[in-house]
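Written out below as structure tokens is the structure these notes cover.
Just follow the structure's listing: the first ligand is 1, and inside any ligand the first atom is 1.
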Amino acid sequence: MADNIFLKIINKEIPAEIIYEDDITIAFNDISPKAPTHILVVPKKEIKKLSETSKQDQEILGHLLLVVKKITDKYQIKDFRVIVNNGAGAGQTVFHLHLHILAGRDFGWPPG
Ligand code: 5GP
């Protein structure tokens with residue numbers, strides 16, 4: 001059994017509303033959305049957080065952003081925010097790297 005919730009989703013041990021999937025990535029709706037559109041883009045490789053990546057993850061990291069583009073193109077989402085929370089102090093609660101795509105409402109700047 002996988003030991004983090006996103007690995008369980010990747011391994012189809014628990015359900016999620018999957019938006020997109022390929023060999024490197026899976027994207028699904030956030031279970032507790034913070035905006036009308038709230039999608040998580042997750043690498044299938046187990047990477048705990050952005051600060052633990054290295055040069056060898058370059059392809060995965062680039063791919064994640066291209067998947068953001070693919071999803072936002074597909075759903076014609078023109079204005080959106082992409083967020084990575086890195087570490088508990090920054091709001092990370094699931095320690096498996098993920099990008100949040102948030103859209104469908106106005107966002108303040110700077111973020112809270
Ligand atoms: P973080 O706070 O780590 O940046 O973001 C983790 C996100 O994962 C949160 O927005 C939270 O709502 C979402 N999340 C946590 N558990 C689940 C789950 O079981 N399924 C889905 N779809 N999202 C989850």
Side-chain angles (χ1 to χ4, degrees):
M1 288 283 280
D3 66 353
N4 81 56
I5 201 83
F6 290 173
L7 279 176
K8 288 185 167 69
I9 291 172
I10 290 163
N11 293 335
K12 311 285 165 56
E13 292 168 10
I14 63 166
E17 294 173 8
I18 295 170
I19 302 291
Y20 174 86
E21 183 168 14
D22 62 28
D23 288 349
I24 299 173
T25 319
I26 190 167
F28 49 86
N29 284 325
D30 196 292
I31 204 166
S32 175
K34 311 303 185 292
T37 297
H38 188 169
I39 298 165
L40 303 171
V41 182
V42 181
K44 291 186 172 177
K45 179 180 174 184
E46 189 173 7
I47 298 172
K48 287 191 170 30
K49 49 186 180 172
L50 185 61
S51 58
E52 293 187 4
T53 57
S54 64
K55 178 83 176 160
Q56 70 183 22
D57 298 311
Q58 182 167 329
E59 189 186 341
I60 293 172
L61 294 175
H63 190 77
L64 291 173
L65 285 174
L66 289 172
V67 168
V68 170
K69 176 170 164 47
K70 199 170 270 195
I71 291 169
T72 51
D73 279 353
K74 180 175 179 189
Y75 293 98
Q76 299 181 334
I77 301 169
K78 296 208 176 342
D79 295 337
F80 57 89
R81 185 169 282 181
V82 176
I83 294 172
V84 176
N85 294 322
N86 187 88
Q92 186 174 7
T93 58
V94 176
F95 286 84
H96 184 115
L97 176 64
H98 52 282
L99 277 57
H100 298 256
I101 305 174
L102 294 157
R105 65 170 172 83
D106 291 334
F107 298 102
W109 189 263

Count the heavy atoms belonging to other residues, nucleotides or ligands that lie under 6.0 Å from [atom1] of [X], then report whether that count exceeds 12.
X	atom1	result
Lys49	NZ	yes
Asp79	CG	no
Lys70	NZ	no

I'd like to know if the side chain of [X] reaches the main chain of [Y], judged simply by a donor and an acceptor atom lying under 3.5 Å from each other, with no hydrogens or angles considered.
X	Y	result
Asn11	Leu7	yes
Gln92	Gly87	yes
Thr72	Lys69	yes
His100	Arg81	no

Notebook entry, point to check: Nearest heavy atom to atom 18 (C) of ligand 1: which of Thr93, Ile31, Asn4 does it belong to?
Noted result: Ile31
Notebook entry, point to check: Can Thr37 and Leu102 be said to form a side chain to side chain contact (heavy atoms under 4.5 Å, CB included), step by step?
Noted result: CA-CA 6 Å; Thr37 297; Leu102 294 157; over 6 Å; no
Evaluate [X] for polar contact with ligand 1, using N/O atom pairs at a separation under 3.5 Å.
X	answer
Gly91	yes
Val94	yes
His98	yes
Ile14	no
Gln92	no

Protein residue, atom and distance nearest to [atom], heavy-atom basis:
atom	answer
atom 10 (O) of ligand 1	Asp30 OD2, 2.5 Å
atom 19 (O) of ligand 1	Ile5 CG1, 3.4 Å
atom 22 (N) of ligand 1	Asn29 O, 2.9 Å

Just jot down the ligand 1 atoms closer than 4.0 angstrom to any heavy atom of [X], in number order.
X	answer
Ile9	20 (N)
Phe6	8 (O)
Lys34	10 (O), 12 (O)
Ser32	12 (O)

Check: Of the backbone atoms (N, CA, C, O) and the side-chain heavy atoms from C-beta on, which set of Phe95 has a member under 4.0 Å from an atom of ligand 1: side chain, backbone, both, or neither?
Finding: neither
Item checked: Under-4.0 Å salt bridge between Lys45 and Glu59 ->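 Looking at Lys45 and Glu59, the cut-off is not met.
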Note to self: Check for me whether Glu17 has a heavy atom closer than 4.0 Å to any atom of ligand 1.
What the structure shows: no
Check: Is there a donor in the side chain of Asn85 and an acceptor in the side chain of His98, or the other way round, less than 3.5 Å apart?
Finding: no
